[in-house]
Each structure stands twice: as C-alpha cells, then as structure tokens.
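Below you'll find the structure, written out as structure tokens, and then a few comments.
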Amino acid sequence: MALIIPRAQPNLAKPIIFLDIDGVLNHLNVYDKREPYINRDNMNALNVLLDETGANLVISSAWRYLITEKLMTVEGFHHMLVTHGLGYNRHIIGKTVPDGGEFGQDRGSQIRNWMETTFRYHLGGPTGTPWVAIDDTEMPTFPAAHVVYTLPHQGLRSHQVSEAIEKLKAQGFNTR
C-alpha cells in the first residue's frame with residue numbers, strides 16, 4: 001500500500017515560471033546518456049529561485065509530452081523532479097499545449113495561450129500575475145521582459161536566477 005501525502009494547493013497569486021528542462025536543468029554535454037538527467041547544481045539554482053519567489057511552475061519543455069501522452073500525471077512529473085532534487089513543496093500547475101495545432105511550434109505562442117486560457121479562465125488566476133520563461137532556445141518574438149535565457153552547455157546558473165527575480169520585480173512582484 002502506498003502512502004499518499006496531500007500537498008497544499010498552490011497560491012495562484014504567486015508568479016509563474018515556465019520551465020524548459022533540456023538546457024536549463026541539464027546541459028548539452030549530458031545528452032550521450034540515454035536516460036533523463038537532471039543536474040543537481042541546476043536544480044539547486046531553480047530551488048533558490050522558487051524559495052525567493054514562491055512561484056508556481058508550468059512545464060513548457062518537450063518533457064511535457066510525458067504528461068500529454070499520459071505516460072505520467074502532473075503529480076507523477078512532480079514526483080520525478082522531487083527525486084532529482086526539486087523541493088517537495090513546489091507546485092506544478094500545468095503544462096503548455098503540444099507543438100503544432102492552432103498554436104504552432106512557437107514556444108512563445110504556447111506560453112501566451114496558456115496564460116490567456118488555462119490560467120485566467122480555467123484556474124481563475126489574477127490577470128496581472130508576474131511570469132517569466134526560462135529556456136535555452138531563442139524566442140525572437142517573445143517579450144524580453146518575460147524571458148531568461150540559459151546557455152545550453154551550462155543550464156541554469158545563479159546570475160540567471162537573479163535576472164529572473166529582477167524581471168518578476170519589474171512586473172510588480174515583491175519578494176517575501
């Protein structure tokens with residue numbers, strides 16, 4: 001029998017981090033491994049960002065297909081990240097839509113769609129919620145005030161954590 005410990009519900013007034021994984025929580029020099037890999041230092045940097053902001057996570061990474069294709073639930077995805085060092089009390093509140101379809105391949109469009117439809121209308125989130133996407137892939141049409149780029153061979157570092165916090169503050173977020 002499995003013990004299931006209920007987690008607290010996310011505070012939808014908190015900022016949102018759209019999280020890519022490849023090139024953010026791992027880096028290119030690990031792709032020779034044939035298994036999912038999360039770099040502990042990169043995960044620690046994410047935990048610092050989440051400690052400072054209390055932000056909710058939305059998975060924008062290709063890893064979201066584990067949820068989309070029903071290979072695991074959002075809760076299972078959360079558990080997978082916890083086993084790789086994510087703090088237990090973090091909240092994954094969703095994932096962006098699959099590539100293709102009416103929102104296309106552009107990650108920026110998929111993130112905008114998620115904010116406009118899922119968050120505001122389905123979850124009842126506040127319209128002025130600060131948010132930032134952390135990614136290693138350039139999104140040329142994406143507003144610079146909402147994106148933090150990582151280097152794909154390094155992943156998330158402390159200076160990018162500081163940059164994300166500053167961008168959230170510029171959107172009206174006050175740290176704890």
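For the single chain, residues carry numbers from 1 onward in sequence order. These values consider heavy atoms only, across backbone and side chains, with no hydrogens, waters or symmetry-generated copies.
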Quiz item: Do L57 and H91 pass the side-chain contact (heavy atoms from CB on, under 4.5 Å) test, and can you show the C-alpha distance, the side-chain angles, and the key distance before you say yes or no?
Solution: CA-CA 6 Å; L57 295 171; H91 297 284; over 6 Å; no
Quiz item: For the residue pair D20 and S60, what are the closest heavy atoms and their distance?
Solution: N-OG, 3.7 Å
Quiz item: Taking atom CZ of F18 and atom NZ of K95, what is their separation to the nearest 0.5 Å?
Solution: 12.5 Å
Self-check item: Nearest atoms (heavy-atom pairs only) where W114 meets I16
Solution: CZ3-CD1, 3.8 Å
Self-check item: Heavy-atom check, side chain of I111 versus side chain of F142, under 4.5 Å
Solution: yes
Practice problem: Of all the heavy-atom pairs spanning V161 and A45, show the shortest one and how long it is. | Solution: CG2-O, 3.3 Å
Quiz item: At what distance, to the nearest 0.5 angstrom, does CE of M43 lie from CG of L156?
Solution: 10.0 Å
Practice problem: Would you check if the side chain of T150 reaches a backbone N or O of G23 as a donor-acceptor pair within less than 3.5 Å? | Solution: yes
Quiz item: Should E52 and L49 be marked as a side-chain contact (heavy atoms from CB on, under 4.5 Å) after you check the CA-CA gap, both sets of side-chain angles, and the distance that decides it?
Solution: CA-CA 5 Å; E52 289 293 318; L49 175 59; 5.6 Å; no
Quiz item: Taking the side chain as C-beta and beyond, is there a heavy-atom pair between I59 and I92 under 4.5 Å?
Solution: yes
Quiz item: When rounded to the nearest 0.5 angstrom, what is the spacing between CD1 in I21 and CD1 in I38?
Solution: 5.0 Å
Practice problem: Give a yes or no answer on whether the side chain of N42 reaches the backbone of R157 with a donor-acceptor pair at less than 3.5 Å. | Solution: no
Self-check item: Those residues that, when tested against Q160, pass side chain to side chain donor-acceptor pair (under 3.5 Å) (two or more places apart)
Solution: none
Quiz item: If every non-hydrogen atom of A55 is compared with every non-hydrogen atom of L50, which pair is closest and at what distance?
Solution: O-CD2, 3.7 Å
Quiz item: Short question: side chain of H146, backbone of W131 - any donor-acceptor pair under 3.5 Å?
Solution: yes
Quiz item: Measuring from L25:CG to N44:CG, what's the distance to the nearest 0.5 Å?
Solution: 10.5 Å
Exercise. Would you please name every residue forming a side chain to side chain donor-acceptor pair (under 3.5 Å) with E166, sequence neighbours left out?
Key: none
Quiz item: Would you say the side chain of N56 lies within less than 4.5 Å of the side chain of I17, judging by non-hydrogen atoms?
Solution: no
Self-check item: Side-chain donor/acceptor of K167 to backbone N/O of P130, under 3.5 Å
Solution: no
Quiz item: Does the side chain of N26 pick up a donor-acceptor pair with the side chain of D22 at under 3.5 Å?
Solution: yes
Exercise. Go through the structure and list residues passing ring pair (Phe, Tyr, Trp, His ring centres under 6.0 Å) with Y149, not counting sequence neighbours.
Key: none
Quiz prompt | Non-hydrogen atoms of K14 and T129 that approach each other most closely | solution = O-CG2, 3.3 Å
Exercise. Please report the closest heavy-atom contact between P143 and R112, naming both atoms and the distance.
Key: CD-NH2, 3.6 Å
Exercise. Answer whether the closest heavy-atom distance between the side chains of I93 and V58 falls below 4.5 Å.
Key: yes
Quiz item: Would you say the side chain of R90 lies within less than 4.5 Å of the side chain of N47, judging by non-hydrogen atoms?
Solution: yes
